[in-house]
Each structure stands twice: as structure tokens, then as C-alpha cells.
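Structure, as C-alpha cells:
Whatever order the structure lists them in is the order used to number ligands and atoms, beginning at 1. Source: prediction; values computed, not measured.
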Amino acid sequence: MYLIETEDNIGFLTASYIKNRIKSFVSTKDNPYFVLALPTGGTAINLYGHLVKFYKEGLSFDKVVTFNLDEYVGLSENHPQSYHSFMFKNLFNHIKISKEQINILNGNAANLEQECTNYEEKMKKYGGIDLFIGGIGRNGHIAFNEPGSAFNSKTRVVDLTPNTISANARFFNDDISQVPTRALTMGLGTIMSAKEVIIMATGAKKSQALYHAFEDKQSTSWPVTVLQKHPRTFIIADKAAAAEISKTTKRDCGLCSFIN
Ligand code: PGA
């Protein structure tokens with residue numbers, strides 16, 4: 001797991017990395033699509049703005065399939081706060097990409113467990129995730145893998161913690177009672193099987209989670225620590241988010257190359 005502490009725009013850096021990976025991807029008969037796992041959340045809005053700009057400058061998504069990390073249970077797809085709405089509003093409505101290339105978990109499926117199993121199978125059918133992009137919660141969650149999530153967990157139905165529900169109330173008129181209490185999410189095991197992982201972290205609210213990510217031993221109390229054993233994970237953080245990481249760790253991570 002590598003730390004990239006930067007003053008640069010994290011959305012721009014991440015979008016640039018995605019662009020480079022898509023452009024260097026060689027589509028073959030056996031492996032036609034680059035598989036990109038995509039997040040929602042405040043940090044992602046900036047990222048998608050830059051991806052749309054790259055699209056307008058000529059970046060093609062023709063050989064890309066996307067899998068979103070998670071979705072609320074029981075919120076209609078058309079609800080402004082559903083992750084379906086978020087993705088179309090911020091990305092898919094602005095680029096050329098077919099419905100068949102877009103995968104978002106259906107939080108209203110009649111059989112939620114089956115929906116999760118099908119999602120895992122579909123990712124496998126495409127050869128697994130090439131590049132996973134995520135944010136991080138204040139409590140160290142990745143996607144909706146809350147503290148206590150098993151490190152080998154797969155896509156599944158989860159209960160959201162009070163911490164996450166209250167963090168997300170800002171998207172529901174600050175009314176906690178409107179925030180769904182369950183979600184479907186890729187698991188930590190799903191994320192670990194991705195070939196590359198980028199986690200974006202901005203602001204002081206994320207500093208405790210990053211402290212545990214880099215300075216603590218692995219523990220399900222801080223889901224992000226699962227990534228300590230992932231061979232190609234980059235955590236891109238601004239100064240505020242990286243504030244609690246020790247100088248020694250920063251020095252060790254300082255030489256890692258990012259865009260290569
Ligand atoms: P945020 O969410 O980008 O809105 O801070 C990240 C997350 O909770 O995964």
C-alpha cells in the first residue's frame with residue numbers, strides 16, 4: 001500500500017491515472033473490456049468532472065465496463081440520492097457509454113442475495129476488476145464495508161452504521177430518518193481481488209482512518225487496513241487527510257512512483 005500525499009487536485013490525478021490505464025489497455029477477443037470499479041460520494045464528484053473533460057478531449061470509453069461499488073437498499077433508482085442517479089448525473093449522462101457497459105447493484109431486487117451473487121459472477125466473467133477507485137469513510141470503511149466486515153467478504157447486503165448514516169444525512173436534507181439503513185456493497189474480498197486500487201482521501205475528517213491505514217496493524221475494526229496486504233494500492237491524500245501519518249511512513253512512501 002502506497003501513500004501519495006499531494007497538494008495537487010486529487011480528482012484530476014485520479015482521472016489522469018484512469019485515462020492512462022484506459023488508453024494503454026489492449027482489448028483482445030478473450031479480454032475485450034477494461035473493468036473499472038467506480039465510487040460515489042463527495043470526493044468522486046471532482047473526479048468525474050475531470051473524466052468528462054477527458055472524454056470531451058477524445059478519451060473513449062468504448063472498451064470499458066464499469067461496476068459501481070455499492071447502492072442503497074430500498075431507494076428508488078430515480079431518487080436523487082440513489083447511486084444510480086449520482087452516476088448518471090455526474091458521469092454517464094456526459095460520456096458515450098452504453099447501458100450494457102454500466103453495472104450498478106439493484107437495491108430494489110426481489111432477491112437481494114441473488115443480485116449480489118450475480119454481480120460477483122458478472123465481474124468474474126469480465127476477468128475481474130482491473131482498477132478499483134474508492135473513497136474512504138471516516139470510520140475507515142471502503143464502499144459500504146463497515147467496521148467488522150470480514151476481509152474475505154464478497155458482494156452482499158449490509159447494515160449501515162450510525163456513523164455512516166449520520167455522515168450521509170447531509171445528502172438527505174440533514175434528516176437522519178430519510179437515510180436508508182441498508183445497502184448492497186462489493187466486499188473487502190472483492191476489492192482485494194482487484195488488480196489495482198486507488199483510494200482518494202481529502203480533508204481532516206479522514207485523517208484518523210488514514211492513521212489506522214498506515215500506522216496500525218490489520219484489524220477488521222478499520223476495514224481499510226485490509227489493503228495493507230494488497231500489492232498495488234495507492235492512497236492519494238491531501239495534507240489534512242494525511243496529517244496523522246508519521247514522518248517515517250511518509251518518507252518510506254515518498255519515493256513510490258505513481259503515474260507509471
Ligand atoms: P465522501 O465519502 O467522498 O463523500 O467523503 C467517501 C466514503 O464514505 O466512502
- Query: Can you tell me if E7 uses its side chain to pair, donor with acceptor, with the backbone of D238 under 3.5 Å?
  - Reply: no
- Message: side-chain contact (heavy atoms from CB on, under 4.5 Å), that's the test. Do R156 and L184 meet it? Break it down for me.
- Response: CA-CA 6 Å; R156 67 203 188 288; L184 306 184; over 6 Å; no
- Task: Establish, from distance only, whether the side-chain atoms of Q114 and N118 form a donor-acceptor pair under 3.5 Å.
- Result: yes
- Answer with side chain, backbone, both or neither: which part of M200 has a heavy atom less than 4.0 angstrom from an atom of ligand 1? neither
- Query: Are F25 and Y33 close enough that their ring centres sit under 6.0 Å apart?
  - Reply: no
- Task: Note the single closest protein heavy atom to atom 3 (O) of ligand 1, along with its residue, its atom name and the distance in Å.
- Result: T43 OG1, 2.5 Å
- Message: Within the 3.5 Å criterion, strictly below it, is a donor on S85 or E77 matched to an acceptor on the partner's side chain?
- Response: no
- Item | Identity and separation of the nearest protein heavy atom to atom 8 (O) of ligand 1 | H141 NE2, 2.8 Å
- Query: Considering only heavy atoms, does I136 approach ligand 1 within less than 4.0 Å through its side chain, its backbone, both, or neither?
  - Reply: backbone
- Which ligand 1 atoms, with their elements, are less than 4.0 angstrom from a heavy-atom of G135? 9 (O)
- Nearest-contact summary for atom 5 (O) of ligand 1 - protein heavy atom, Å: K206 NZ, 2.6 Å
- Query: If you count the atoms of ligand 1 from 1 in the order shown, which ones are under 4.0 Å from a heavy atom of G137?
  - Reply: 7 (C), 8 (O), 9 (O)
- Task: Say whether, by atom type as modelled, one donor and one acceptor occur between the side chain of Q101 and the main chain of S98 under 3.5 angstrom.
- Result: yes
- Would you say G42 and ligand 1 have an N/O pair spaced under 3.5 Å apart? yes
